[in-house]
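Working notes, beginning with the structure itself.
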Amino acid sequence: FLKTVDRITVRTLLGTLDAKEREIICRRYGLTRVREEEGGGLTHYDEGATLEQLASEHSVSRERIRQIEYEALRKMRRAYNGKLSENGRR
């Protein structure tokens, strides 16, 4: 999903997530948010964090990280589809 939308759209959709969800999605997909004073936006790196790495950092199970990732992506898809509907593309 994230690889099929442009950077501006991804940045907007990330804004629909809470801080933990946003961090997990950014880390899983190798995205880094650039500070506004540096131009804002996203930088993409090839290496994303593994479920194991994130689980260890957040002191939860890999399954819990997977659940958070799934829910965050679902929120982003819904926001994206809602945006398409508003623009009359559906």
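What's counted below: heavy atoms across the whole structure, side chains too, no hydrogens, waters or symmetry copies.
There is a path of hydrophobic side-chain contacts, each under 4.5 Å, that joins Ile25 to Val10. By the criterion of side-chain heavy atoms lying less than 4.5 angstrom apart, applied directly or through intervening Ile, Leu, Val, Met, Phe, Trp or Tyr residues, Ile24 is not grouped with Leu13; the two fall into different hydrophobic clusters. When hydrophobic clusters are built by joining Ile, Leu, Val, Met, Phe, Trp and Tyr residues whose side-chain heavy atoms come closer than 4.5 Å, directly or via intermediates, Leu17 is grouped together with Tyr80. Under the 4.5 Å side-chain heavy-atom criterion for ILVMFWY residues, no single connected hydrophobic cluster contains both Leu73 and Leu54.
Going from atom CZ of Arg66 over to atom CG of Leu51 covers 8.5 Å, rounded to the nearest 0.5 Å. The CD atom of Glu57 sits 8.5 Å away from the CD1 atom of Ile65 when rounded to the nearest 0.5 Å. Put simply, SG on Cys26 and CD on Glu21 are 11.5 Å apart, with the number rounded to the nearest 0.5 Å. For the atom pair Leu14 CG and Thr9 OG1, the distance stands at 11.0 Å (nearest 0.5 Å).
Glu23 is linked by a side-chain contact (heavy atoms from CB on, under 4.5 Å) to Arg27, His58, counting only residues two or more places apart in sequence or in another chain. With sequence neighbours left out, the side-chain hydrogen bond (donor to acceptor under 3.5 Å, both in side chains) criterion links Glu71 to Arg74.
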